There are 2 protein chains.
Amino acid sequence: MLQVSGKMNITLVDIAKKAGLSVSTVSRILNGQQRKYRISDKSANLVFKVAEELNYKPNALARGLRLKKTHTLGLVVPDISNPFFAFITRIIQLHAHNNGYSLIVCNTDENIESEVEQVNLLISKGVDGFIIMPVGTQSDHIEYLINNELPVVLLDRTLANVKAGMVLVDNFKGSYDATQHLINKGHTAIAIVLGLRNTSTTNERLEGYKQALIDNGIEINEKYIVGNDFRIETGYIETKFLVNLEKPPTAIFATSDIITVGALKALAEENLKIPDDISLVAFDDTDFAPYLSAPLTVVKQPKELMGEIAVKLLIEEIQNGHDEFEKPKIILKPKLVIRNSVVSVSKPVSI
Amino acid sequence: MLQVSGKMNITLVDIAKKAGLSVSTVSRILNGQQRKYRISDKSANLVFKVAEELNYKPNALARGLRLKKTHTLGLVVPDISNPFFAFITRIIQLHAHNNGYSLIVCNTDENIESEVEQVNLLISKGVDGFIIMPVGTQSDHIEYLINNELPVVLLDRTLANVKAGMVLVDNFKGSYDATQHLINKGHTAIAIVLGLRNTSTTNERLEGYKQALIDNGIEINEKYIVGNDFRIETGYIETKFLVNLEKPPTAIFATSDIITVGALKALAEENLKIPDDISLVAFDDTDFAPYLSAPLTVVKQPKELMGEIAVKLLIEEIQNGHDEFEKPKIILKPKLVIRNSVVSVSKPVSI
DNA sequence: GCAAATAGCGCAAACCTTTGCGTTAAAGTT
DNA sequence: AACTTTAACGCAAAGGTTTGCGCTATTTGC
C-alpha cells in the first residue's frame, strides 16, 4: 500500500530484520512449518503481519534454485494458433493451474531444430516436467530428458522406441471410419489431404485411409494422396490440384481443421458446392463446423480428455516419481460426427 | 552423448575443474566476454570443448537470480481457447521468441481475483515484463507494477487512469461502422449482444452502437441491448431471447467471435435463415467466416499488429527503460468486411 | 636493467531461499 | 541440586551465476 518506492524488492531478510527474528524462522513460518519447528504463535503472527505490511512476494527463482523445483511445466506445441492446439493448450493451462503449476508455452512451427532449442530452453528454466507434441522426426532430445529423469508426457503424436508416458488418439480408426463412411455413401474416388509427413498422426491417418480402401476392394490411387503439412495453404493448393485432375475425386478427406479451411477456400473459388458437387470430410471438429454452408461431417477428437489426462500423467510422474517399467500409454477413441457434407453417390464412379 | 547418468546437472564448476580454470573465466568465455577480459584463445577453445563434451546447459534460475533478468515475459489473457486470444497469443509468442524471450501464459477466465493472483505469480517468477489483457474492473495490481518499474503493456482492453503502454483497437468505430452498415441496409430494429460488461471493449462497442443509432435518429430500445460475457452460451441464450421477443429485431450484432457461435446455434435451432429471416454482423473475423451458410459480415481486428506491437512496446520498455512521461498508446483501426449475412430491408421496419 | 604497461586469469561477494544441525533458556523430573 | 526434556529459534552452507576488483607474470619502453 505505502509501497510506492523504487525497484527494491522485499526479501526474507527485510522481514527478519523488521520482526527481529532470523531469516530461517521467517522462512519456516511463511511456509507453514510453524508446528514442525515449534515456533511460537507470537512470532508467527508477527511475521505474517510484517510480511503483509511490506507486501512481500517470494522470489521463485531463489526458491527454485534451492529446491530444484519450480512448479512450472513446459509445453511444446507445433502451432498455438491452430484451433486444435489452442484448445488443448487452454485445457492444459487450466489443469496445470488447478494443480498449482504454471505453464511456459513454446512453439516449434513443426521444426525439429526449433523443438530441440525449446526443450533446451525449458531445461535451462528448470521446469518440473514436459508435455510435448513432437514434430516426430527425431527423438534424441526427448530421450535425454528421460535418461535424466525429467518427467515427460508425449501428447497427440508418438515417437518410435521412446519410453515416455503418452496420450494419443487412435488416428487409424478415425481415418478408417471417415473413409468407410465415404465408401458407404458410394464414393470410390476418395482423395486425402495429409498434414506433415512422418508424424505419427499423419502416418496413421494415411494407413487408416488405405486400409479402408483395401478392405473394400478399392484400388489406391497415388494421385489422390496429397499434402505435406498442417497449413491453410496446403489445404488450398492441394484441393485446387485435386479438383483439376483429369479424373477428379468425388470426395475429399481433409486431415486437419486448418487444412479444411484451405480446402473450403479452394472449393469456393472453383464454384464447387458441398456436398452436391463434391463431398468433404474433415479431421477435427470446430465450433463453426455445424454452421458452414454445408455442415461438416468430421472426426472429432476428445480434446478435453487429451489435455486433462496429459497433465494428470505428468503431475503424477513428477510427484510419485517414475516407474521405470510402467509408463502409461493412453489411447483415446475419436468419434465420427455425421452432418451434411457428404452426398450419396448412387452409381459408384468407377476407377 | 555419453551423458546417460543420473540427475546430476553439469555446472560451471564442473567445466572449470575439468578445464583447470576458474569458474569466473568459464562464465566469461561462455558469455562471449572473451575479448573484454582478454582471455586467451587457448583457454576459450578448451572451455567450449569441455562444455560441449559435458553437455552443459546453463541454469537459468541461478542466472536470473544473479542478473535480475529472466528473459521471460508474462502474458495474462482472459481465455486462450477463444480463437481471437489464441491467435494473438501465437503472435506474441512468435515475436517474443524472435527477440530472445520466452513466454509464461496465464489465464484469468475474466475473473479479477484470478488476474491478481496470476500477476503476483508472474512477479514471483521474475518475468521481465507483462502483457495484460485485463478483466477491467480493477487496476491496483497493475499500478503496483508500474510503481515498481516493472514494464507493462495493456493489450486490447484499457483501464482508466493507468499510465501504462497500451495497444488498443478503436472499438467505438468498429461498432459504429457495423451498426451504420445495418442502418444503411434499411435496418432499424437492431439488437446487440455484448460481452463482459465494464470492460473497455464492451463499453466502447456499446457506445459506438448507440451513437450510430442516435446519429440516424433511431430510438434506442433497451430490450435490444443484451449479453454480459464472452461465452458461447451467452450468444446462444441472448439470441434465443431476442428472436422470441414480441417484436424481434431484424438484425443482430454479435460483439465477439464466440458469441457469434452461440448466435448461429440459436438461429439454426429457431430455423431462421441468415440473411433472409434475420441479418447478422459480428465482431472478430475467423477463418471459417467466409464459408458459413451465410458468409459473415464482420468487423475485423488487426490481430497480427496487436500482438506484434505489444511485444515491441514491451521489449522497448524493458531494454530502454521507462520514459516516465511518454507511455505510448497505440490505437489501431478495425475494418468492416462485408460478406453476405446482411439483407437489404427496402421498407424500414418502424419501431 | 628498472618501471610501466598489458595479458590472463582468480577471489569472493551477491542474488534469495531452504534446511540440517546446534544452541540457549526454561520447564520438568527425581 | 543435578539432570533430562522441550520450546524456540539461529548459524551457516548450499544452490549456480555473474562481476568488480585485484593479483601475477610477461612484455614493452627507454
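These values consider heavy atoms only, across backbone and side chains, with no hydrogens, waters or symmetry-generated copies. Just so it is clear: chains get the letters A, B, ... in the order the sequence lines come, proteins before strands, and each one is counted from 1. Just so it is clear, the structure is predicted and the values come from calculations on it, not from any experiment.
- Nearest to the side chain of A/Leu67, among D/dG10, C/dT19, C/dG10, sits C/dT19.
- Side-chain contact of B/Lys57 with A/Asn120: a donor-acceptor pair under 3.5 Å is present, judged by distance alone.
- Remark: P of C/dC15 and CD1 of A/Ile10 are 14 Å apart, rounded to the nearest angstrom.
- Of all nucleotides listed (D/dA8, C/dT17, C/dC15), C/dT17 comes nearest to the side chain of A/Ala62.
- Residue A/Leu65 is in base contact, counting any heavy-atom pair closer than 4.0 Å across all strands shown.
- Whole-Å rounding puts the A/Asn45 CG to D/dA8 P distance at 13 Å.
- Rounded to an integer number of Å, the gap from A/Leu46 CG to D/dA8 C1' is 14 Å.
- Using a 4.0 Å cut-off, some side-chain N or O of B/Thr25 falls inside it from OP1 or OP2 of C/dG10.
- More than 12 heavy atoms of other residues, nucleotides or ligands lie within 6.0 Å of CD in B/Gln319, so this atom counts as buried by the packing criterion.
- Nucleotide D/dC9 holds its C1' atom 15 Å from the CZ atom of A/Arg35, rounded to whole Å.
- Base engagement by B/Ser24 is indicated by at least one non-hydrogen atom pair under 4.0 Å involving a base atom.
- Taking atom CD of residue A/Gln33 and atom P of nucleotide D/dG10, one finds them 16 Å apart after rounding to whole Å.
- Set against D/dT19, C/dT17, C/dG20, the side chain of A/Arg28 has C/dG20 as its closest nucleotide.
- Electrostatic pairing of B/Asp156 and B/Lys303 does not count as a salt bridge here, judged by no charged N lying under 4.0 Å from a carboxylate O.
- One atom, NZ of B/Lys57, and another, C1' of D/dG16, lie 16 Å apart when rounded to the nearest Å.
- Following rounding to the nearest Å, B/Asp41 (CG) and C/dA7 (P) show an atom-to-atom distance of 13 Å.
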A/Arg90/A/Glu308 under salt bridge (charged side-chain N to carboxylate O under 4.0 Å, His left out): CA gap, chis, key distance, verdict: CA-CA 10 Å; A/Arg90 166 76 184 100; A/Glu308 182 171 355; over 6 Å; no
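- Phosphate proximity of D/dG16 to A/Lys68: present, with a side-chain N or O under 4.0 Å from OP1 or OP2.
- Between B/Tyr56 and D/dT17 there is a side-chain polar atom (N or O) within less than 4.0 angstrom of OP1 or OP2.
- Residue A/Leu21 is classed as a sugar-phosphate contact, given heavy-atom separations below 4.0 Å to backbone atoms only.
- The side chain of B/Ser40 places no N or O atom within less than 4.0 Å of a non-bridging phosphate oxygen (OP1 or OP2) of C/dA7.
- Checked against C/dT17, C/dG10, C/dT19, the side chain of B/Ser22 finds its nearest nucleotide in C/dG10.
- Contacts of residues 119-126 of chain B with DNA chain D (heavy atom under 4.0 Å): none.
- Heavy-atom distances to DNA chain C give each of A/Tyr37 and A/Val13 a nearest nucleotide, and the one nearer the 5′ end belongs to A/Val13.
- A salt bridge links B/Lys327 to B/Glu317: at least one charged side-chain nitrogen sits closer than 4.0 Å to a carboxylate oxygen.
- Comparing D/dG10, C/dT17, D/dA8 by their nearest atom to the side chain of A/Thr11 picks out C/dT17.
- The CZ atom of B/Arg38 sits 9 Å away from the C1' atom of C/dC9 (whole-angstrom rounding).
- Remark: A/Glu53 engages A/Lys18 in a salt bridge, criterion side-chain N to carboxylate O under 4.0 Å.
- A salt bridge is absent between B/Lys68 and B/Asp128: the closest approach of a Lys/Arg side-chain nitrogen to an acidic carboxylate oxygen does not fall below 4.0 angstrom.
- Just one of A/Leu75, A/Leu145, A/Leu155, A/Val153 meets the side chain to side chain contact (heavy atoms under 4.5 Å, CB included) condition when paired with A/Ile132; it is A/Leu145.
- Counting any heavy atom pair closer than 4.0 Å across all strands shown, A/Arg63 reaches sugar-phosphate atoms only and no base atom.
- Set against D/dT19, D/dC9, C/dG10, the side chain of A/Ile39 has D/dC9 as its closest nucleotide.
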